[in-house]
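The structure appears below as structure tokens.
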Amino acid sequence: MIDIKIIRNSPEMVKDSIVKRGGRYLKTFEELIEKDEKWRQSLKEVEELRNKRNEVAKKISSYKVKKTEPPKEFLDEAANIKATIARKEENLKVFENEVSQLLLSIPNIIDSTVPTGNSEEDNKVVYEDISNKREFSFKPLSHYEIGEKLSILDFDCAAKLSGSRFALLKGKGAKLERALIQFMLDLHTQNGYTEIFPPFLVTRKTMTGTGQLPKFEEDLYKVVSDPELFLIPTAEVPLTNMYMDSVIDEELLPLKFTAYTACFRQEAGSYGKDTKGLIRNHQFNKVELVWITTPDYSMTALEKMREDAELVLKLLKLPYRVIELCSFDLGFASSKTYDLEVWLPSEKRFREISSCSNCKDFQARRMNTKFKNSMGKLEYVHTLNGSGLAVGRTFAAILENYQNSDGSVTVPEVLRKYTGFDKI
RNA sequence: GGAAGGGUGGCUGAGCGGUUGAAAGCGCCGGUCUUGAAAACCGGUAGGCGGUUUAUCCGCCUCGUGGGUUCGAAUCCCACCCCUUCCGCCA
């Protein structure tokens, strides 16, 4: 969440940021301002009463300590105040809850360098590497056509087991998926990331820490037998929350984590979109990157993290480009985001394969994660996350970009020591 | 799932109804001593929120979480969560 003091001191700046996102949150914002006013008024009243109560209690205490009876008028006054407080506190609690819910529903302030835009058309291409883009002498097939022909992907079987938007990998396909995970993790751990294998189920509080809750509950899978537990939609959630409610030594920063996890998303609201193949499934694999840094370093960290994710594509020799998301397309928790997009020959277009975001102190404030700065003061850390990469989409990109006219697929060189075969 | 014990400041750990927001130690910051460092000694050192200021004061809240008892709760009661140990079950 953003600092409510910033909202109070510069409401126009925050409003401007919300408008640039497309104005979806304007109503919430205005309601927040209104409720905050009421809450502070109510708080003032209650605090004054509590102050009175404390003073009377202190007076009574001075008699009790001396083992003498306090005057009856003190006791009566105290009882009186108590009743009033109880009434007013109930009121206060209502405002307090409303304000905190509203505050949790306001998106992050966008960074000043983010291009303003009204649709994803306004996203900016900042880099392109198509040196590995092939000219096909035949009509390139889609990854699911290739996969099904080679019997390494079976969507019918997956649908039988689980319904739509699931994949079943078989034989060399299953092994290629595993090889990709291993390759990515090895690469990142060599680059200074600490590998984590986190829980795939996390609590409501954890989901709130990174911003998936309370706004986006309909995107998550929940556990029916335990309403506090949710399946992670990304490893960003457990990784970033590792330092929830704690103070980190500044010397430990930046912390860099990588993890492979399965990810689970309901994909509500994407009916009819990417219904075939590996692009948009309810369950998919991803290798994630997370940084926890000091505020002055987080923008540099974003560039570094993006490069670490790009390296995977470079080594796999896949054509890709880097997009800087415009204000409209920016995620809820992010203040600045780069997307990496890989070339899919069958679609003749680039598709998102990684998203690298600087969330600044937005998540840290929700998680209560701080560090002690050089002045000895506690300060919120900055958090960043990025995919390094989405495994299923990488799988798809390999099938498409490395397909041969005879229907076979060549395994990228860097993967061969993991797969043990060079052709599918 | 059952039983017992426990969750206190950045950390360790005392307190178990009335100036206790909290002893002591560690750590950290400043100072003395020293050519410098260490040691020793002296002093300082929780966070959040509201108001007032813009840097000063006042107030409120916080001893796992949420309720309750009381004029007053870290301290008593209830529920829940987590940790440790033992038993049971189990990949």
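Chain letters run A, B, ... following the sequence lines, proteins first and then strands; every chain starts at 1. Since this is a predicted model, take the numbers as computed values, not measurements.
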Assigned partner base of B:rG17, Watson-Crick or wobble definition, under 3.5 Å: none
Side chains of A:Q363 and A:E236: is there a donor and an acceptor less than 3.5 Å apart? yes
Residues at least two apart in sequence or cross-chain that pass salt bridge (charged side-chain N to carboxylate O under 4.0 Å, His left out) with A:E288, listed by chain then number, are A:K286
So that I can tick it off, tell me whether A:K20 and A:D16 are bridged by a salt bridge, with the cut-off set at under 4.0 angstrom between side-chain N and carboxylate O. yes
Distance test, side-chain N/O of A:R50 to OP1/OP2 of B:rU62, below 4.0 Å: no
Tell me the partner of B:rU32, counting only Watson-Crick (N1-N3 plus N6-O4 or O6-N4) or G-U wobble (N1-O2 and O6-N3) with both under 3.5 Å; none if nothing fits. B:rA40
Which comes earlier along RNA chain B counting from the 5' end, the contact point of A:A57 or that of A:F74, where each point is its nearest nucleotide? A:A57
Could you identify the nucleotide paired to B:rG5, looking across every strand shown and requiring Watson-Crick or G-U wobble geometry with both distances under 3.5 Å? B:rC83
Counting heavy atoms from C-beta on, name the nucleotide in B:rG51, B:rG18, B:rC49 closest to the side chain of A:R40. B:rG51
Please determine, for B:rA22, whether a Watson-Crick or G-U wobble partner exists with both distances under 3.5 Å, and give it or none. none
Taking NZ, NE, NH1 and NH2 as the nitrogens, is one of them in A:K160 or A:D156 under 4.0 Å from a carboxylate oxygen of the other? no
Partner of B:rG59 by Watson-Crick or G-U wobble geometry, both contacts under 3.5 Å, or none? B:rC49
Need one value for A:N54: base, sugar-phosphate or nothing, where a base atom within 4.0 Å counts as base even if backbone is also close, heavy atoms only. sugar-phosphate
So, is A:K52 near the phosphate of B:rC71, with a side-chain N or O under 4.0 Å from OP1 or OP2? no
Does A:A78 or A:L43 map to a spot on RNA chain B nearer the 5' end, using the closest nucleotide for each? A:L43
Considering only heavy side-chain atoms of A:I60, the closest of B:rC49, B:rG18, B:rG72 is B:rG18
Output yes when at least one side-chain N/O atom of A:N51 is less than 4.0 Å from OP1 or OP2 of B:rG59, else no. no
Pairing partner of B:rG72, by Watson-Crick or G-U wobble and under 3.5 Å for both distances, is none
What contact category does A:K5 fall into here, base, sugar-phosphate, or nothing, at under 4.0 angstrom with non-hydrogen atoms? sugar-phosphate
Using a 4.0 Å heavy-atom cut-off, does A:K370 contact any base of the nucleic acid, only the sugar-phosphate backbone, or nothing at all? sugar-phosphate
Within the 4.0 Å limit for protein heavy atoms, which parts of nucleotides 65-70 of chain B are touched? Write it as a string from 5' to 3', B for base, S for sugar-phosphate only, - for none. --S--B
